[in-house]
Structure formats: C-alpha cells, structure tokens
Amino acid sequence: MNLLTSIIIICATLSAILAIVSFWLPQMYPDHEKLSPYECGFDPLGTARLPFSLRFFLVAILFLLFDLEIALLLPLPWGIQLISPTLTFFWASTVLILLTLGLVYEWLQGGLEWAE
C-alpha cells in the first residue's frame, strides 16, 4: 500500500468517525422558542413596518468594516517573498493605523455605545 492510499483511507475513516459521533454526541432538547424562526430580535410573525433601532445597523456596518482588515492582512505572510517586503509591511501598517484611528474616532464619538 503506498503513502497516498494510506492517507486517503485514514482521512476517510477519520471523517466518517467524526460525522457519526457528531450526530450522537449533542443532547438537543428543542422547544418552541428554539424551533421558531428568529431574525435579529424582530418578531417574525408581526408586521414588517415597525420602527427599529438604527444603532443596530451602525454597529453591524462597523463590524463588517473592521472585519475587512482580516481579509486585507491574510496575504501578508506571503509578502516576504516579494521584491521589497518593506513596502508590503508599510501598506499593511498603513491599513492597520487607519482602522485603529477609525475605531478610536467611533469610540470617542459614542458610536459603540449600546445604551444612551
């Protein structure tokens, strides 16, 4: 048996064992609350014309904005292989500094406060 066949068999066996255990392991006791559709605290059966807090959407947009830094910084380890890794480090540092300044600004303006 060669190495590739052994690896495929081990991976398939381990995946099957984990899939079977994941069905047996959790002890779920569903009730009416857990089985009902839920969307961000809104009543799913009520009218869709009720007013909602814009602060929720502001925090969601801020989260998405600051979450982009992960996507922008993921290729950073491969930047060492470029011709000038210092340029890559400079741009990554610039992105982090701008995002940090934006976070400080939002914090000082009270945009991250849940209660008023």
Side-chain angles (χ1 to χ4, degrees):
M1 207 190 260
N2 61 9
L3 182 64
L4 182 63
T5 309
S6 300
I7 291 174
I8 291 174
I9 289 173
I10 290 171
C11 289
T13 306
L14 185 61
S15 298
I17 289 171
L18 289 175
I20 291 170
V21 168
S22 70
F23 284 112
W24 287 334
L25 190 61
Q27 298 176 359
M28 296 183 350
Y29 302 106
D31 58 358
H32 180 68
E33 293 288 328
K34 289 183 181 179
L35 293 176
S36 68
Y38 178 77
E39 184 69 31
C40 303
F42 299 118
D43 182 20
L45 303 175
T47 178
R49 302 286 182 219
L50 292 175
F52 52 86
S53 173
L54 287 177
R55 187 167 300 279
F56 171 78
F57 291 103
L58 175 67
V59 171
I61 289 172
L62 286 174
F63 172 76
L64 290 175
L65 176 69
F66 290 117
D67 196 40
L68 282 177
E69 73 179 85
I70 294 172
L72 292 173
L73 296 177
L74 274 176
L76 191 59
W78 288 280
I80 304 256
Q81 300 172 359
L82 295 175
I83 296 171
S84 65
T86 55
L87 185 65
T88 306
F89 177 74
F90 169 75
W91 286 114
S93 300
T94 304
V95 167
L96 282 176
I97 289 170
L98 283 174
L99 285 173
T100 304
L101 289 175
L103 179 63
V104 168
Y105 176 76
E106 284 296 326
W107 194 335
L108 293 176
Q109 293 295 320
L112 302 176
E113 299 286 329
W114 282 106
E116 295 184 18

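The shortest non-hydrogen separation linking Thr5 to Asn2 is OG1-OD1, 2.5 Å.
Thr94 has its side chain within reach of Phe90: a pair of non-hydrogen atoms, C-beta onward, lies under 4.5 Å apart.
Take Leu3 and apply the side chain to side chain contact (heavy atoms under 4.5 Å, CB included) test, not counting sequence neighbours, and it matches Ile7.
When the options Val95, Leu101, Ile97 are evaluated for a side-chain contact (heavy atoms from CB on, under 4.5 Å) with Leu99, the one that passes is Val95.
Remark: Leu18 CG to Thr13 OG1 distance equals 11.0 Å, nearest 0.5 Å.
Note: the hydrophobic cluster containing Leu25 also contains Ile17 (ILVMFWY, side chain heavy atoms under 4.5 Å, direct or indirect links).
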Counting only pairs under 3.5 Å, give me each side-chain donor-acceptor contact of residues 58-66, with atom names and distances, residues two or more places apart or in other chains.
none

